[in-house]
Number of protein chains: 2
Amino acid sequence: MNLKQLAAHLGLSQTTVSRALNGYPEVSEETRKRVQQAADQHNYRPNTRAKALATGRAMAIGHVIPLSSRHEMMNPIFGDFISGAGESYSNAGYDMVLSLVADKEQSSAYHEMVAKRNVDGIVLHAPEMRDPRITLLQKIGLPFAVHGRATEITTPYSWLDVNNRSAFQRATDFLLDLGHRRICLVNGQENMDFAFRRRRGYEAALTARGVEIDPQLLFADEMTEVYGYETVRRTQRLDDPPTAYLVSSIIAAFGVRRAIEESELVMGRDISVITHDDDLSYLRNGADVPVFTATRSSVREAGRKLAQLLITQIETPGSPPLTELLEAELTVGRSTGPAPNRT
Amino acid sequence: MNLKQLAAHLGLSQTTVSRALNGYPEVSEETRKRVQQAADQHNYRPNTRAKALATGRAMAIGHVIPLSSRHEMMNPIFGDFISGAGESYSNAGYDMVLSLVADKEQSSAYHEMVAKRNVDGIVLHAPEMRDPRITLLQKIGLPFAVHGRATEITTPYSWLDVNNRSAFQRATDFLLDLGHRRICLVNGQENMDFAFRRRRGYEAALTARGVEIDPQLLFADEMTEVYGYETVRRTQRLDDPPTAYLVSSIIAAFGVRRAIEESELVMGRDISVITHDDDLSYLRNGADVPVFTATRSSVREAGRKLAQLLITQIETPGSPPLTELLEAELTVGRSTGPAPNRT
DNA sequence: TTGAAAGCGGTACCAT
DNA sequence: ATGGTACCGCTTTCAA
């Protein structure tokens, strides 16, 4: 059932029916009621494509996910974030279109999105410190919002981020409180913005206590198990090996932990491992790793907020960019009771 | 730049330009070349919405994800599956639109999709044994493919599934080989099709060895940590408590494992835990739980295949439904070297 | 081989 | 308050 048929059925013009359905004031209440009823009855929904073509609004928002091994965006956090965003979208009547794109095709993917005009805005994930995608989108003029920030980009844009610096500062503080002085930072690649910020937090904590920063204990790489594993093997051979590891991703933390358990090198040494990830709290009680983490629900919340932020921006043209900084929750060690049932 | 402008620029009609770009045979090679060049130069991309409206094809496929606590679809596997599907889509020129929908709104969501005509087909996740969504889509006539199967629905439809029955049969066999006779099945809700099949595999293994099936050792519920935790507490109080747990989800397995470690009840008893999940292999070396699992790459592969299957079906109307059954990989225990670097 | 024109299903301006 | 109609950008039939 389309508008024309519905209008014919009612003996009205398309114009009137359209107006009635879209809440225009110049329609008599009686007519509106009649139209609404008929529409409900026939389960009428305007054809999205036609509407989009006529209005110039696609009523859809794109998420472009880099499909490379480097970012590992498709990790557990992703599901929760997306599901939060999805909530905002469906409330506001937007569709969410997902593009999984290989790294090299990133920029062409954006151009394509803009040229094909099938989204009204874009959410950008896992920004680098000077992310070319941001500059690109600014030039293109397509509304966008970033999950994270790009330190080296100074022109304003909308973003939402967790406070990675403070999170890692607190984590480091925690280890210092335990008496550790040789703390190894197993970080992600530091062109990723979050990784850079995390290192700054780590350094700030050490500096505040007058502990020297040892470059031999600083690592930055793609976060895999092997990376974590090898880093432990290597650092434990140092003359003055670390007694604690602060790991930037739970995946790498698994490698770290396994190396510690296996290694004859660390026999008898008391080593702490602490890790952070945007969300892996459901592992908190299963993996023997103290996890410093945002809870699942707060990741959802982040998705919800970021999406809302973008929608606001799309719908109020000319509005200034919006930003929001969330504090990460800190949870250390294993809980004692059963984990709360997440509903 | 749109078609009209491009045509004007070339001094040709829209018709000719359109034909040249879409590979119609009746265009002179010379013209085609000229057009193609101009198009490239101006970075022309046809407006998706206009094209969709004109052709009746949306060039998009919908994934409807139930947003309830019950299914927990948004789990780690999801990312890999989606990313595999995304690959197929982008190769075939389709967009992927994600709908996160509350349980109660499921059926209206489907109706809406069909009425709004913004997708050419749908992928259905986490089917129940007699899933009403399948019947609904069949009635509506929108092409779809199911990730999983619905045992009680006999009319043919397209699906792709892992062989849950054989997977659990093999897992149970493994435990029987270890000498266990009291094996507790910590299953998911058995209206979910996969859970039902898993139980059948478990039962088949026991029966084959003449081990009696004890209803006291059969559990089916939403897979949370608490559920796993409580199940252990409860079963360890039995006169003849289980010596092994076969757990249908790694999340529940965490609860199981923790209960075992904490409980004074099980002190000194040697208990095996084995778990299955569509994919959590990256935990394999981190969580002390032997994991029976499909690897991440095979989950991606499943996504890729299912998407391809749906595309084929959409593009060859009248074709019979396609199906595919994948065997799960079995990996038990912890690996000895560092985990292979996943690239 | 090329072009004119009629849709696709809506919206929105201009009349009445 | 209601209707006629041009238009959004593309495909496709029909004619030349």
Side-chain angles (χ1 to χ4, degrees), chain A residues 1-36 38-39 42-60 93-95 112-120 315, chain B residues 1-36 38-39 42-60 93-95 112-120 315:
Chain A
M1 171 72 71
N2 62 25
L3 190 61
K4 191 182 206 163
Q5 297 170 321
L6 186 62
H9 177 78
L10 283 161
L12 288 170
S13 73
Q14 289 191 37
T15 313
T16 305
V17 177
S18 169
R19 281 197 276 240
L21 259 21
N22 290 303
Y24 282 67
E26 63 265 50
V27 180
S28 78
E29 260 323 301
E30 188 195 10
T31 310
R32 188 190 306 281
K33 215 163 264 163
R34 218 160 57 86
V35 171
Q36 192 55 260
H42 293 89
N43 219 300
Y44 167 78
R45 296 275 185 298
N47 179 314
T48 323
R49 287 151 1 193
K51 191 164 188 164
L53 186 57
T55 56
R57 312 256 286 92
M59 293 312 282
Y94 283 81
D95 284 331
E112 197 139 318
M113 283 213 146
V114 114
K116 285 171 36 180
R117 317 212 144 266
N118 55 348
V119 297
D120 299 319
E315 298 187 343
Chain B
M1 173 72 71
N2 62 25
L3 190 61
K4 191 183 206 161
Q5 297 171 319
L6 186 61
H9 177 78
L10 284 162
L12 288 171
S13 72
Q14 289 191 39
T15 315
T16 305
V17 177
S18 168
R19 281 198 276 239
L21 259 22
N22 290 304
Y24 283 65
E26 63 266 48
V27 181
S28 79
E29 259 324 298
E30 188 195 11
T31 312
R32 187 192 306 282
K33 216 163 264 164
R34 219 161 56 86
V35 171
Q36 192 54 261
H42 292 90
N43 220 301
Y44 167 77
R45 295 275 185 298
N47 179 313
T48 324
R49 291 155 351 199
K51 192 165 188 162
L53 187 56
T55 57
R57 311 256 283 94
M59 293 312 283
Y94 284 81
D95 284 331
E112 197 139 319
M113 283 215 145
V114 108
K116 283 171 35 181
R117 317 218 140 263
N118 55 349
V119 297
D120 299 319
E315 297 188 343

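On a predicted model such as this, the values are computed, not experimentally measured, just so you know. Reminder, nothing fancy here: chain letters follow the sequence lines and each chain counts from 1. Excluded from the calculations below are hydrogen atoms, water molecules and symmetry mates; all remaining heavy atoms, backbone and side chain alike, are included.
- Distances shown here put a side-chain N or O of Ser28(B) below 4.0 Å from the OP1 or OP2 atom of dT2(C).
- As a whole-Å value, the separation of Glu26(A) CD from dG3(D) P is 13 Å.
- Between Thr16(B) and dG3(C), a side-chain N or O to OP1/OP2 separation shorter than 4.0 Å is present.
- Ionic pairing of Glu30(B) and Lys33(B) is not present here: no N-O contact between side-chain nitrogen and carboxylate oxygen is shorter than 4.0 angstrom.
- Between Ser18(A) and Thr15(A), the side chains place no donor N or O within less than 3.5 Å of an acceptor N or O (distance only, hydrogens not considered).
- Between Asn47(A) and Lys116(B) the shortest side-chain heavy-atom distance does not fall below 4.5 Å.
- Side-chain contact annotation: Arg57(A) with Tyr94(A), donor-acceptor N/O pair under 3.5 Å present.
- Counting to the nearest Å, the P atom of dT12(D) and the CZ atom of Arg57(B) are 11 Å from each other.
- In this entry the distance linking CG of Asn118(A) with C1' of dG9(D) reads 14 Å, nearest Å.
- dA1(D) atom P lies 15 Å from atom NZ of Lys33(A), rounded to whole Å.
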* **Protein proximity profile, nucleotides 8-13 of chain C - base contact B, sugar-phosphate-only contact S, no contact -, cut-off 4.0 Å on heavy atoms** => BBBBBB
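- Residue Glu26(A) places its CD atom among more than 12 non-hydrogen atoms of other residues, nucleotides or ligands, all under 6.0 Å distant.
- Nucleotide dG3(D) holds its P atom 13 Å from the CG atom of Leu6(A), rounded to whole Å.
- Legend: residues meeting side chain to side chain donor-acceptor pair (under 3.5 Å) with Gln5(B), ordered by chain and number and at least two apart, are absent.
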